[in-house]
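Values below: every heavy atom of this structure, side chains too, minus hydrogens, waters and symmetry copies.
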Amino acid sequence: MNIDLQIRNGVSAALKALYSEVLNPDNIQTQLTRKEFDGDLTVVVFPFLRFSKKSPEQTASEIGDYLVNEIDLIVGFNVVKGFLNIVVSPNYWLEVLYANFTDSNFGFTKSTDDSPLVMVEYSSPNTNKPLHLGHIRNNLLGYSVSEILKANGNRVVKTNIVNDRGIHICKSMYAWLKSGKNETPENSGKKGDHLVGEYYVQFDKLYKQEVAGLMEKGMSKEEAEANAPSMKGAREMLLKWEDNDTEVRELWQKMNSWVYSGFDVTYKKLGVDFDKIYYESETYTVGRDEALRGVEEGIFEKHDDGSVWANLENDGLDQKILLRSDGTSVYMTQDIGTAKLRYNDYDISKMVYVVGNEQNYHFQVLSVLLDKLGYEWGKGLFHFSYGMVELPHGKMKSREGTVVDADDLVEGMIEVSKKTSEELGKLDEYSEQEKNEIYRKIALGALKYFILKVDPKKTMLFNPEESIDFNGNTGPFVLYTYARIQSILRKARETNIEWSDKVNNVKPEAKELELIKKINTFPEVVSDAANNFSPAVVANYCYDLVKEFNQFYHEFSILKEENDDIMKFRLQLAQTTALVIAHAMSLLGIECPERM
RNA sequence: GGUCCUGUAGCUCAACUGGAUAGAGCAGCGGCCUUCUAAGCCGCAGGUUGUGGGUUCGAGCCCCGCCGGGAUCACCA
């Protein structure tokens, strides 16, 4: 049995035997003993003093004596202040290592047909411009959280809601019609999403010129903004779109399809994917119908001008508009429709929205609205809210050209990776194709790790100039350790060493025990990551594990060890470490190269 | 103004959810490659955890006040 559980049960029994108090083992906590003290696991006895009515030291000693007598695996203990440090038999840790070594699925729980089904929405781009750094954090978090949920025995449906309709895409369409000269991705060689994005920027420029011109002629700012021909043109296109105007719809479809093929390239490069894609052009009508049903059933109010509102003041929120006076729907309405469709399509146990914290209020409102509309799952939706990515000079602003483009960023990372690799010259014997594959893995590992290692809730800073480090607490450092282990295992295989059998006559060194214990906490890390929706937990664990391994690696030789049993044991230790690294990194969407 | 988030070394981030002397990396300084990958290892230096109270055997973490940063409160998405 798991030693942690044995100790908690033991402490519970000790409290009963010594002080006649009953405490559920679940309410007793153990922690790994800090390295500067002797022992493996530590129980803090301060909470028990009210039972024992004795000093912390004496209480800890009494419980320690009890545990040593009652539990075979506990071979000793020491007491420092109120901390009971328990020494576990080294044989136990050998057993633990071997069990983990032989479990190819170590740390993960497989899902079954009965497992909860979690739908994770992430990415959710607009179709008027390419993906940027902010989207990257979103995509990486969404993908990683999906993997983490899967590893905890959930079925996961990754979904993407594409905002393919609205005034923004009409702006790009307007500018393209006006000055596009029939430019296409094919005849220009430009990536589709970038091409459409360029026209969006063009529209903005044109619009500003027009507004400035009109203001010079004496119009107020508001008048000028409303009367700028470009804006009028875009609005007109939106109305035509809603009217199913053939020409507008065809252009819309054409330009969106360019964007989609561009997005596909970026998604593929990032290594993210989706099981089901929804389009707002297909869900917004469902939302509109829901809003109208709400009016009929007296849940919402229709104002004199025809607009539809939800009054949420009794829920501590404000008034929220659901349909404009012209009957068109807003973002919130679309989200209601999308949610309804999803629950029709899937037997969802939990809905997760990976969306930035700027929309906290939106999801609070969405949850209440769905609840009012009678959907019992409304209250249960979970907004996985994450912080913004900032640049050294503040936020990204498209108008100021400070947006970090996703494609450029990835390409830049690959360049750095290539340059670093070439300088080190460890891959000279490989083909170009093999090398490029390794550069790509390292570059993406660096980028993903860099972004995922910070607590999702927090705003994070990204400095493109300094680029991303490849030393220290970084993705490449973790990957490097993995590659290093693979190198050892390759050499062991080449010399026909066999190390899969269990070894018994080994007394592990302190550093080896620390490594085994670190490995053994992996399953707990996987569940913590899911409970907290935090890939950062996994990344930080990777770093600790790898640091521990490198210390071991430096201190002890594996293949030159003369004692066969010890060599086998160390190979098992190394291989298990590599397995855990690969598993942990896979939760972050990072692939480990076999050499680097 | 209301609501929510946030403040830890020069910089970027941790701290097992209230436990031992707050830890890493980068940047700086100094060591370690005829030995399994030096993208590594070891050492030095760097802190009144924004601030003042409170709760507790114990607070970076919980509560209250203040100060600084951010988000949001649209017939935008």
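The pair A/Glu494-A/Lys491 fails the salt-bridge criterion, with no side-chain N (NZ, NE, NH1 or NH2) lying under 4.0 Å from an Asp/Glu carboxylate O. At a threshold of 4.0 Å, the pair A/Lys511-A/Glu548 counts as salt-bridged, since one of the basic side-chain nitrogens sits closer than that to a carboxylate oxygen. Of the charged side-chain nitrogens involved, at least one lies within less than 4.0 Å of a carboxylate oxygen, so that A/Lys54 and A/Glu62 count as a salt-bridged pair.
Residue A/Lys81 places none of its side-chain N or O atoms closer than 4.0 Å to OP1 or OP2 of B/G19. Look at A/Lys458 and you'll find a side-chain N or O under 4.0 angstrom from OP1 or OP2 of B/A14. Close to B/C42, at under 4.0 Å from its OP1 or OP2, lies a side-chain N or O of A/Gln551. Applying the 4.0 Å criterion to OP1 and OP2 of B/C76, one finds that A/Arg324 has a side-chain N or O inside that range.
Each of B/C41, B/C73, B/A74 was ranked by its minimum atom distance to the side chain of A/Asn550; first place goes to B/C41. Considering only side-chain atoms of A/Lys547, the nucleotide from B/C75, B/C41, B/C13 that sits closest is B/C41.
Ring-base stacking between A/Phe46 and B/G19 is satisfied, the centre separation being under 5.5 Å and the plane angle under 30°.
Backbone-only engagement by A/Tyr361 is indicated by non-hydrogen atom pairs under 4.0 Å involving sugar-phosphate atoms exclusively. Within 4.0 Å of A/Tyr543, counting heavy atoms only, lie sugar-phosphate atoms of the nucleic acid but no base atom. Residue A/Thr474 is out of contact with every strand shown, counting any heavy-atom pair closer than 4.0 Å. Nucleic acid contact class of A/Gln359 (heavy atoms, under 4.0 Å, all strands): base. Counting any heavy atom pair closer than 4.0 Å across all strands shown, A/Val44 reaches a base atom. A/Pro56 comes within 4.0 angstrom of nothing in the nucleic acid, heavy atoms only. Looking at heavy-atom distances under 4.0 Å, A/Asp164 makes no contact with the nucleic acid at all. Contact annotation for A/Asp455: backbone-only contact, meaning every heavy-atom pair under 4.0 Å involves sugar-phosphate atoms and none involves a base.
Put simply, the side chain of A/Asp469 and the base of B/U12 share no donor and acceptor less than 3.5 Å apart.
The gap from the P atom of B/G2 to that of B/C64 amounts to 15 Å, rounded to the nearest Å. Comparing the P positions of B/G69 and B/G50 gives a spacing of 16 Å, expressed to the nearest Å. For the C1' atoms, the distance from B/G28 to B/G19 is 34 Å, rounded to whole Å. On the C1' atoms, B/G25 is 27 Å away from B/G68, given to the nearest whole Å.
Put simply, CG on A/Leu32 is 11 Å from P on B/U17, counting in whole angstrom units.
Nucleotide B/C41: paired with B/G31 (Watson-Crick or G-U wobble, both distances less than 3.5 Å). Nucleotide B/G1: paired with B/C73 (Watson-Crick or G-U wobble, both distances less than 3.5 Å). Using Watson-Crick or G-U wobble geometry with both donor-acceptor distances under 3.5 Å, B/G7 finds its partner in B/C67. Across all strands shown, B/U48 has no partner, as no Watson-Crick or G-U wobble contact with both distances under 3.5 Å is found.
No hydrogens or angles considered: nothing links the side chains of A/Asp38 and A/Thr33 as a donor-acceptor pair under 3.5 Å. Between the side chains of A/Asp164 and A/Thr127, no donor-acceptor pair is found at a separation under 3.5 Å. Side chain to side chain, A/Asn78 and A/Asn85 meet the donor-acceptor criterion of an N or O pair below 3.5 Å. In this structure, a donor-acceptor pair under 3.5 Å is absent between the side chains of A/Tyr174 and A/Glu236.
Place A/Asp326 and A/Val454 on RNA chain B by their nearest nucleotides, and A/Val454 ends up nearer the 5' end.
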Sugar-phosphate or base contact per nucleotide [nucleotides 29-39 of chain B; S, B, -; heavy atom under 4.0 Å]: ------SBBSB

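For the pair A/Arg165 and A/Tyr279, the cation-pi criterion (under 6.0 Å, within 45° of the ring axis) is not fulfilled.
Counting heavy-atom neighbours within 6.0 Å of A/Gln319 CD, excluding the residue itself, gives a total above 12.
B/U8 takes the anti form, because its glycosidic angle lies more than 90° either side of 0. A glycosidic torsion no more than 90° from 0 defines the syn conformation, and B/C33 adopts it.
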